[in-house]
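Residue numbers start from 1 in every chain, and the chains themselves are labelled A, B, ... in the order their sequence lines are given, proteins ahead of strands. Just so we're clear, the structure is a prediction, and the values are computed from it rather than from any experiment.
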Amino acid sequence: MLRSSEKFAVIFFLAGSLLVMASFMGIETSTYLMNLIGQIAAFSLLALSLDLIWGFCGILSLGHGLYFAIGGYLVAMHLVKVAFEKTGTPPDFMLFMGWEELPAYYFGIESFAYLLFIVFVVTLSVSLIFGYFSFRSRVTGVYFAIITQALVYMAMLFMFRNDTGFGGNNGMTGFSEIFGLNFRENKTATVLCGISLAVLGLSLLGCKKLVDAPLGRFMRAVKEDESRLRFLGFDTVYVKLTAWCISAILAAIAGLLYVPQVGIINPRVLSPELSIEIAVWVAIGGRGSLIGAIFGAVVVSGLKFILTGLVPELWPFILAILVVGIVIYLPNGFSDGVKVFSSNARSLVSAPHRKLQS
Amino acid sequence: MTKFDQAIYVSGLNVSFGAFSVLKNLSWLVNFGEVKGVIGPNGAGKTTLLDALTGKTEYQTGDIVVRGRHNIKDANEPAIARLGLGRKFQKPSIFSGLSVFENLEIALRSGKAILQSINQLSPHEQKKINETAILIGLSDCLGKDAGTLAHGQKQWLEIGMLIVANPAVLLLDEPVAGMNGEERTKTAALIDKLKGPEMAIVVVEHDMQFVETVCDSVTVLHDGQILVEGPMQAVKSNQQVIDVYLGRDSENA
Ligand SMILES: Nc1ncnc2c1ncn2[C@@H]1O[C@H](COP(=O)(O)OP(=O)(O)OP(=O)(O)O)[C@@H](O)[C@H]1O
Ligand SMILES: [Mg+2]
């Protein structure tokens, strides 16, 4: 029998593939619903990426929005360039700056394959350089979390500048099409949602394989007692770096899936709040449980979608109460709750047994 | 005696924390084939000596040479461990969330290059883990979470994690602390089995009986300096040792 992570991975993948097929068979779906599910799938992937390093390797990042934004901004550049070439309407920031053409670093980004390549290269470079220097200098725990947060904040300040060619504080929008599918078509939302779900499924499966592999065992050992591992002769820098880079790439893919679905990116994806929210999803869902992290992202961002519509001013308080409640009663999030529940069930079942023995 | 008989050679070692000097111009030698005891009152610097040997604590001056040719002045903990120094800590330190098997597996892979360490286990490595588990008396608990083991078993597991990696030098900080008589006997037997011409074992202990049973010779550390060195028999009757350590001990008892 498949274990639960694998089961969910297959379900996500199949559901995603079915949606893509359905859209090509001309089945109409609710654009609103597809957008909602697709965005939550992207958030789930983001939560998964943080859980991989925080839940399994003990490294808390409060700046994972940085990698999400790398994916998001690069796909926005792709979409902006495609729109400019197809429709001839220049993006707002070009008009604003009085530019005749896009800056040189937009070269080639209209190609989707090149986009994927460049997302990979940029994410890997940033995560590798940052990770290597932090892990080598043995910055850990709270200090590491603060540095990640400072970095995402710096990136936000940079992106707020209007002369960078990334849209400044208004961000980038006005996308027209993605792999030839017009954003006005109903099909597009369905396809994007399907792809997001399928990618989430594949990533979940990959993460499951990773944490069960010898490398995953080393990650858990780092989380438990990093210095013990060093005294056994193991250079922990490399395990942490590998986990960190994989996590960063997953976060970037999440950003890449998210931005076409919301149709805009602006520097607020780099705000410290968003990065903290990712940690909240994982904490609520359950650190160290892959499904838990996804569950946390679904529940919290689902609630956010609903409640910010109904009672926008109450949302921060509801979130705060949820976080405090979870931290006090279920230190490992909902997955703890599930464990408590199932072990109660088990002890009920085995209770007669014990009577016989005594 | 060639210089390669020397497992650990320490000369003129000084360790201080700020103005507080913990090891003072210490020179010390451990040869292969021997089991060396290190005793001394609390705060004498026994653990600090092991800290300096394993790269946990920086030393200000002096040299530490491992296996006759490796000066570890600039090496970090993993690099020193890969020279064959395995250390058991005073406070048992194992990966409590991992199974006994996984603990041994991690220890076995740790000394290898990173790429080698993520392959599947070879049958030979599998066998090595099983043999070690038998040696430390934990072959029935391989699947158990290490955190659920009894205190004594945790100590054995930690020793097992060192042996599975084929160390040249074992540094054991209080290996029988918190063990009952039977467990102490088993631990002594284990150390006896590990003893051999290719292996040097350092035992830091407060249990005199145990030190006398397993150690060939003993170093008495006091106030960061070596007070006396020699076979336990001679050390026991040394007046200085009785004054600073043994005497005080029996007063307490
Ligand atoms: N990191 C440190 N910073 C400051 N002082 C330290 C540090 N480590 C050890 N010391 C001091 O060095 C002295 C020697 O400590 P050490 O732990 O080596 O003693 P020990 O011989 O192992 O004692 P015990 O038998 O209690 O384990 C103690 O006075 C201790 O307070
Ligand atoms: Mg000590």
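Counting non-hydrogen atoms of other residues, nucleotides and ligands closer than 6.0 Å to OH of Tyr9(B) gives a total of 12 or fewer. In this structure, Glu198(B) places its CD atom where only 12 or fewer heavy-atom neighbours from other residues, nucleotides or ligands lie under 6.0 Å away. Surrounding CD of Glu58(B) are at most 12 heavy atoms belonging to other residues, nucleotides or ligands under 6.0 Å away. The number of heavy-atom neighbours closer than 6.0 Å to NZ of Lys127(B), taken from other residues, nucleotides and ligands shown, is 12 or below. Heavy-atom contacts from other residues, nucleotides or ligands closer than 6.0 Å to CZ of Phe101(B) number more than 12.
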Handout entry: Criterion side chain to side chain contact (heavy atoms under 4.5 Å, CB included) on Arg109(B) and Phe218(A), from CA distance to verdict
Key = CA-CA 10 Å; Arg109(B) 291 168 180 276; Phe218(A) 276 110; 3.6 Å; yes
Handout entry: Verdict with supporting geometry, Lys56(B) and Phe231(A), side chain to side chain contact (heavy atoms under 4.5 Å, CB included)
Key = CA-CA 9 Å; Lys56(B) 189 174 182 201; Phe231(A) 287 111; 3.6 Å; yes
Exercise for the section: Apply side chain to side chain contact (heavy atoms under 4.5 Å, CB included) to the pair Asp225(A) and Ile94(B), showing each step before the final yes or no. Expected result: CA-CA 8 Å; Asp225(A) 192 342; Ile94(B) 52 176; over 6 Å; no
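Remark: Thr236(A) OG1 to Glu77(B) CD distance equals 8.5 Å, nearest 0.5 Å. Separation of atoms CZ (Arg82(B)) and CG (Leu232(A)) is listed at 11.5 Å; rounding is to 0.5 Å. Going from atom CZ of Arg230(A) over to atom OG1 of Thr54(B) covers 12.5 Å, rounded to the nearest 0.5 Å. Between the NZ atom in Lys223(A) and the CG atom in Leu98(B) there is a gap of 10.5 Å [rounded to 0.5 Å]. Here Leu229(A) contributes atom CG and Ile106(B) contributes atom CD1; the two are 6.0 Å apart, rounded to the nearest 0.5 Å.
Contact of Ala221(A) with chain B is made through backbone and side chain together, with heavy-atom distances under 4.5 Å. With a 4.5 Å cut-off on non-hydrogen atoms, Ala107(B) touches chain A through its backbone and its side chain both. Heavy atoms closer than 4.5 Å to chain A are found nowhere in Asn103(B), neither backbone nor side chain.
In this structure, Phe95(B) and Arg228(A) have side chains that are in contact, with non-hydrogen atoms separated by less than 4.5 Å.
Ranked by heavy-atom pairs under 4.5 Å with chain B, the first of Ser227(A), Ala213(A), Gly233(A) is Gly233(A).
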